[in-house]
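A short worksheet on the structure shown next.
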Amino acid sequence: MKYNIAVLDGDGIGPEICAGAIEVLKAVGKKFSHEFNFSHYLIGGCAIDACGEPLPATTIEGCLESDSVLLGAVGGYKWDSLPGDARPEKGLLGIRKAMGLYSNIRPAKLWPGLAKASPLKHELVKDGIEIIIVRELTGGIYFGERGKGKDADGEFAWDTEKYSVKEIERIARIACELAAKRSKKLVSVDKANVLESSRLWRRTVHEYAASNFPDIEVRDVLVDNMAMQIVKDPAQFDVVVTSNMFGDILSDEAAQVTGSIGMLASSSLGDGTRGLYEPIHGSAPDIAGKDLANPVATILAAAMMLRDSFGLSEEYAAIERAVQKTLDDGWRTADIMEEGIKKAGCSKMSRLVAENI
Ligand code: IPM
Ligand code: MN
């Protein structure tokens, strides 16, 4: 089969990690006789530099014409002082919206052999961690009305969190479908003791699950308590569904407790099969261009694309096995380095995984 993949390298370490993922995809193509074609488009800071905007129309068109999209990361110090609408991050928010990708799945798992990388005590992580955060991606406060002004008290600014039943139901469906395939336990995170939008969220998730997935047990956890529980007892969680902002924050926390944010990938999907796949981590401008980044998260993002957009489960498994084999052979990038173990840079790690396909 032939697949057209749009690649949005982005900024910082983005180009290096995307190159690593492409190398692995080519190895998969060779082994399983698929043809992967890659077209690169600009997004984020590099797009601002080249075209004056973080999300040029050609990028949106290229993504909408592709079979699926691979993204590195956006942002960097250079563009930090630009006004809100002109920032690199706006490019990422914009492409998610333009592609209708309302569902963001962020699995935070502790890789076998990497337990030492977790900052938590061994007894808390010894049985493994696999928290799958289902984050609503195109609504809530990141897309709500906002503004700024000046009154008698001086300058002020405001943002709004708004959710409709329709938006909550469609993300609840994704989370319930996932939970149905796993533990049948779903945690829904909100701040219903304070926010009206959270009270609607909570009621809607329960009503939706009760009428469509009656065998799924839904448990509500307030977001502040959730932040605490993730470090206190992360093994208690399986599938977690939450709003855009809470999911953004909690997915970083969940990733960090696994100790390997450089190993974790995410998928963003809407109603069709075309998605956007990216590592959970950011553009790491401090190590950009030094061949130090961990390419594995992006390699695994590419693997998720094969499985979730193209239905290629065997190819997905082949990449996962190749990553595990590389780790088992004792190779680590700097972020997951342990004493007495072999150190690889971004290009070497990518080559090793590709060779293990
Ligand atoms: C993420 C990032 C983005 C987000 C930023 C860069 C807009 O933090 O993917 O988690 O907030 O969604
Ligand atoms: Mn984030």
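Atoms within a ligand are numbered from 1 in the order they appear, just like the ligands themselves. The figures that follow rest on heavy atoms only: side chains count, while hydrogens, waters and symmetry mates do not.
No more than 12 heavy atoms of other residues, nucleotides or ligands shown are found within 6.0 angstrom of NZ on K185.
Using modelled atom types, one side-chain atom of R135 and one backbone atom of N244 make a donor-acceptor pair closer than 3.5 Å.
For residues 307-328, the ring pair (Phe, Tyr, Trp, His ring centres under 6.0 Å) pairs, not counting sequence neighbours, are Y3-F310.
Residue Y142 approaches ligand 1 through these ligand atoms, each under 4.0 Å from one of its heavy atoms: 11 (O). Using a 4.0 Å cut-off to heavy atoms of R96, the atoms of ligand 1 that qualify are 1 (C), 4 (C), 9 (O), 12 (O).
Around the Mn ion (ligand 2), the protein atoms of type N, O or S found under 2.8 Å away are D248 OD1, listed by chain and number.
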With salt bridge (charged side-chain N to carboxylate O under 4.0 Å, His left out) as the criterion, how do K342 and D329 come out once you've worked through the C-alpha distance, each side chain's angles and the decisive distance to 0.1 Å? CA-CA 9 Å; K342 295 177 277 190; D329 288 346; over 6 Å; no

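Atom CD in E278 sits 9.5 Å away from atom CG in L70 (nearest 0.5 Å).
Nearest protein neighbour of atom 11 (O) of ligand 1, counting heavy atoms only, is D248 OD2, 3.1 Å.
Contacts with ligand 1 closer than 4.0 Å are made by side-chain heavy atoms of R135 only, the backbone lying farther away.
Checking N294 against T333 by side-chain atom types alone, a donor-acceptor pair falls below 3.5 Å.
One option in R106, E89, M245 has a heavy atom closer to atom 1 (C) of ligand 1 than any other, and that option is R106.
Counting only heavy atoms from C-beta outward, the side chains of S267 and N104 never approach each other to under 4.5 Å. When side chains are defined from C-beta on, I43 does not count as touching P54, because their heavy atoms never get closer than 4.5 Å.
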